[in-house]
Structure formats: C-alpha cells, structure tokens
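Structure first, commentary second.
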Amino acid sequence: MQLRTVLVKLMAQRALHRLKSQPIEPQSYITRPTAEMRADHSADLPLAGAVNFRDLGGYRTRDGYTVKSGLLYRSGDLAALTDADLNYLLNTLHVKFVCDLRNPEEVAESAHRFPADSLGYVNLPIMRASASSDERQVGKALFSGDIAKIDAAFGQTYIGMVDNSAAAFGQALKIMTDPANLPTIFHCTAGKDRTGITAALVLSLLGVPDATISADYSLTNLAYDHVYLTAKNNRTYQATGIPIDVLAPILVAKPRWIEGVLAHIRQQYGSVEQYALTKAGLTPADIAALRANLLE
C-alpha cells in the first residue's frame with residue numbers, strides 16, 4: 001500500500017507539472033444565453049447552501065414556445081441547505097419532488113435535509129455498466145496530464161452514462177410528466193455531469209435547440225469554485241490520495257461533452273425522441289405530457 005501511495009504521488013506530480021502549462025480557465029467555456037435563446041427571468045435564487053442551483057425555465061424552443069419557469073430546477077448536492085433555504089424551497093418555490101441521481105454511497109454520505117413528509121423523493125442512480133473501464137481510462141488520462149486525452153476519456157463517460165443508464169434517465173423524465181410532481185429538483189453531486197445530461201435530454205425533448213442546451217450546460221462554470229470545493233471535500237475522492245488539482249480538468253463544464261452526447265444519441269438512435277422511446281422507456285404520451293406541462 002505504501003508503494004502504491006508513493007507511485008500515485010509521483011504520477012500526480014508529473015501530471016501537475018504538465019498541467020501547469022495548460023491552465024484551467026472555467027470562464028472561457030461559458031456561453032451566456034442570448035435573448036434569442038432565453039426569455040427574461042430572474043436567474044438568481046437566494047440559496048446559501050445549494051451548489052450550482054438554477055431554474056431550467058425561460059429557454060425558447062424551435063417552434064416558438066418557452067420552457068416555463070419555476071417548474072424544473074437543476075442542482076448539485078443539497079445536503080448543506082440551511083433552514084432558510086428549506087423554507088424558501090418548500091414555501092416560496094413550492095418544490096414537490098426531488099430526483100436524486102447520485103449513487104447510494106453518495107446519498108449515504110451526504111443526504112438531503114428535507115423533512116420526510118414534505119415532498120416526494122426518489123433515488124435514481126446513474127450508474128455505468130462500463131464504469132470501471134471508463135474510470136480507468138479517465139484515471140490514466142488524468143495522470144498523463146494531456147488535456148486532449150483527458151477530454152476524450154471524460155467525454156466517453158458521458159456516452160457510457162447515456163447508453164447504460166437510459167432506464168434511470170427515463171424514470172427521471174417520467175417524474176416530470178406528472179403535474180403533481182412539479183416543481184421538481186433533479187440533482188447529483190456537482191450538478192454538472194449526471195444533472196447536465198438529464199437537463200439536455202428534457203430540453204431537447206421540449207424542442208430547445210442544441211446551441212441553447214450547450215449554453216445552459218456551460219453555465220455550470222459560473223459555479224466552478226463551489227464544484228471544486230465539493231470535489232475536494234468528497235470523502236471517496238480524498239481516500240485516493242490524488243491531489244485535487246489533478247482532477248481539475250474534469251471539474252469544468254466543457255460544452256463539447258454535452259454536444260457529444262447529443263451527437264451520439266442521434267447517430268446511435270436517430271434522435272433524442274427515439275432514444276427516449278426505444279431506450280429510456282418513455283411513451284409518446286409521456287413526451288406529450290412533458291411538453292404540455294413544461295411549455296407555454
């Protein structure tokens with residue numbers, strides 16, 4: 001074990017040395033939605049303990065509709081919500097349901113604080129059948145310090161999630177088809193990867209253009225400091241002994257990753273709608289209900 005620790009430290013030092021010549025600049029990946037992409041609405045929500053929490057409403061569709069505000073919220077970890085946050089979510093935003101996309105280990109380590117009878121809750125772990133293979137490739141890429149290799153390997157984990165966790169994504173989308181579950185919060189740990197894919201799927205099914213979906217995804221970079229600290233304080237990650245800055249290249253939200261998901265779905269399944277129908281378990285009535293509930 002001691003030899004492994006030494007080797008990890010040596011590889012991490014080499015990776016950090018190489019990464020210094022390729023600085024991480026989260027702000028450079030942000031595309032702020034234009035007026036053509038999003039209707040005016042208040043995006044600032046007074047939550048002290050939420051990570052990367054925002055309203056998914058206001059986006060314009062290709063056919064002239066707008067995603068309703070105040071019905072879908074995307075977020076990171078909710079364990080640090082304050083009492084004031086809980087009161088605001090339950091009594092001002094009137095949240096009815098929380099869809100937790102984290103793995104059981106993450107939930108056990110960092111459970112939310114909502115009173116048990118205050119809303120609906122479901123844990124839908126987005127697990128990859130190829131997780132060990134994907135994660136080994138990401139680990140190798142991270143230790144190489146080569147940004148191009150890191151980007152490619154991490155992008156492949158998104159593809160793995162889409163292909164291998166379609167049923168869980170489908171269940172999350174089905175929750176949104178029932179008006180009794182709205183407003184809904186869907187979240188993971190950082191509100192970036194699993195949450196980002198879920199947001200991309202629902203926005204695409206509602207008719208929001210890819211460029212807008214990519215812009216929404218990129219807004220996670222506004223919360224980069226919080227995402228960084230969330231990863232740094234994660235016990236599972238701490239146990240690896242890997243310096244947090246080695247992980248930094250995959251803590252940003254690079255639009256190419258979510259764009260790669262949409263491209264893969266269309267190449268593999270024909271369209272996002274066909275993916276939802278044939279892989280994720282939705283019905284035409286489910287998709288119609290999503291649009292009826294969430295568009296105006």
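Note: hydrogens, waters and symmetry copies are ignored here, and every other heavy atom, side chains too, is used.
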Practice task
Dump the intermediate steps for side-chain hydrogen bond (donor to acceptor under 3.5 Å, both in side chains) on Thr220 and Asn52, then the final yes or no.
Solution key: CA-CA 6 Å; Thr220 286; Asn52 197 18; 2.9 Å; yes
Exercise for the section: Count the heavy atoms of every other residue, nucleotide or ligand shown that sit under 6.0 Å from CZ of Arg32, and state whether that count exceeds 12. Expected result: no
Practice task
Take Tyr275 and Leu282 through the side chain to side chain contact (heavy atoms under 4.5 Å, CB included) test and state the conclusion after the steps.
Solution key: CA-CA 9 Å; Tyr275 167 82; Leu282 270 67; over 6 Å; no
Handout entry: All ring-ring contact (aromatic ring centres under 6.0 Å, His included) counterparts of Tyr59, not counting sequence neighbours
Key = none
Problem - Residues Arg266, Asp210: salt bridge by 4.0 Å N-O rule - result: yes
Fill in the blank from the handout: In short, Pro26 meets Val252 closest at the heavy-atom pair CG-CG1, 3.9 Å
Exercise for the section: Applying ring-ring contact (aromatic ring centres under 6.0 Å, His included), name anything that partners Tyr29, two or more places apart in sequence or on another chain. Expected result: none
Practice task
Decide, yes or no, whether a salt bridge links Glu273 with Arg291 under the criterion of side-chain N to carboxylate O below 4.0 Å.
Solution key: yes
Exercise for the section: Would you check if the side chain of Asn181 reaches a backbone N or O of Met176 as a donor-acceptor pair within less than 3.5 Å? Expected result: no
Handout entry: Whether Ser204 side chain and Val272 backbone form a donor-acceptor pair below 3.5 Å
Key = no
Practice task
State which residues pass ring-ring contact (aromatic ring centres under 6.0 Å, His included) with Phe114; sequence neighbours excluded, sorted by chain then number.
Solution key: His112
Exercise for the section: Output yes when a side-chain donor or acceptor of Lys96 lies under 3.5 Å from a complementary backbone atom of His94, and no otherwise. Expected result: yes
Problem - Pairwise ring pair (Phe, Tyr, Trp, His ring centres under 6.0 Å) hits with a residue in residues 167-209, at least two apart - result: none
Completion exercise
Contacts of His264 meeting side chain to side chain donor-acceptor pair (under 3.5 Å) (sequence neighbours excluded), chain-then-number -> Asp163
Handout entry: OH on Tyr217 to CG on Leu262, rounded to 0.5 Å
Key = 11.0 Å
Problem - Heavy-atom closest pair, residues Trp257 and Gly155 - result: CD1-CA, 3.6 Å
Problem - Asp151: side chain to side chain donor-acceptor pair (under 3.5 Å) partners, not counting sequence neighbours - result: Lys254, Arg256
Exercise for the section: Kindly write out the residues that satisfy salt bridge (charged side-chain N to carboxylate O under 4.0 Å, His left out) with Asp83, not counting sequence neighbours, or none if the list is empty. Expected result: Arg113
Handout entry: N/O donor-acceptor pair under 3.5 Å between Thr157 side chain and Phe154 backbone
Key = yes
Practice task
Measure the shortest side-chain to side-chain distance between Leu72 and Val202 over non-hydrogen atoms and say whether it is less than 4.5 angstrom.
Solution key: yes
Fill in the blank from the handout: Residues at least two apart in sequence or cross-chain that pass salt bridge (charged side-chain N to carboxylate O under 4.0 Å, His left out) with Glu25, listed by chain then number, are none
Handout entry: Same cluster (ILVMFWY, side-chain, under 4.5 Å), Met37 and Ile213
Key = no
Exercise for the section: Please check if the side chain of Lys192 supplies one atom and the backbone of Ile250 the other of a donor-acceptor pair under 3.5 Å. Expected result: yes
Handout entry: Side chain to side chain, Val51 and Ser75, heavy atoms closer than 4.5 Å
Key = no
Problem - Listed partners of Asp193 passing salt bridge (charged side-chain N to carboxylate O under 4.0 Å, His left out), at least two apart - result: none
Handout entry: Same apolar cluster: Ile159 and Ile150, side chain cutoff 4.5 Å
Key = no
Problem - Pair Leu251-Leu247, side chain to side chain contact (heavy atoms under 4.5 Å, CB included): steps then yes or no - result: CA-CA 7 Å; Leu251 297 181; Leu247 193 67; 4.0 Å; yes
Problem - Under 3.5 Å donor-acceptor, Asn221 side chain and Ser218 backbone - result: yes
Problem - Under-4.0 Å salt bridge between Glu109 and Arg102 - result: no
Handout entry: Check: Asn103 side chain, Glu105 main-chain N or O, donor-acceptor pair, under 3.5 Å
Key = no
Exercise for the section: Could you tell me whether a side-chain N or O of Thr66 sits under 3.5 Å from a main-chain N or O of Gly58, the two making a donor and an acceptor? Expected result: no
Exercise for the section: State which residues pass salt bridge (charged side-chain N to carboxylate O under 4.0 Å, His left out) with Asp216; sequence neighbours excluded, sorted by chain then number. Expected result: Arg54, Arg74
Practice task
Mark yes or no for whether Thr283, through its side chain, and Asp286, through its backbone, hold a donor-acceptor pair below 3.5 Å.
Solution key: yes
Practice task
Evaluate the criterion side chain to side chain contact (heavy atoms under 4.5 Å, CB included) for residue pair Ile185 and Phe97; output intermediate values, then yes/no.
Solution key: CA-CA 6 Å; Ile185 300 171; Phe97 208 97; over 6 Å; no
Handout entry: Taking every non-hydrogen atom, the tightest pair across Leu56 and Arg38
Key = C-NH2, 4.0 Å
Exercise for the section: Would you please indicate if the ring centroids of Phe53 and Tyr73 are separated by under 6.0 Å? Expected result: yes
Problem - With Ser28 via side chain to side chain donor-acceptor pair (under 3.5 Å) - residues at least two apart - result: none
Handout entry: Qualifying residues under side chain to side chain donor-acceptor pair (under 3.5 Å), relative to Asp85, sequence neighbours excluded
Key = Thr82
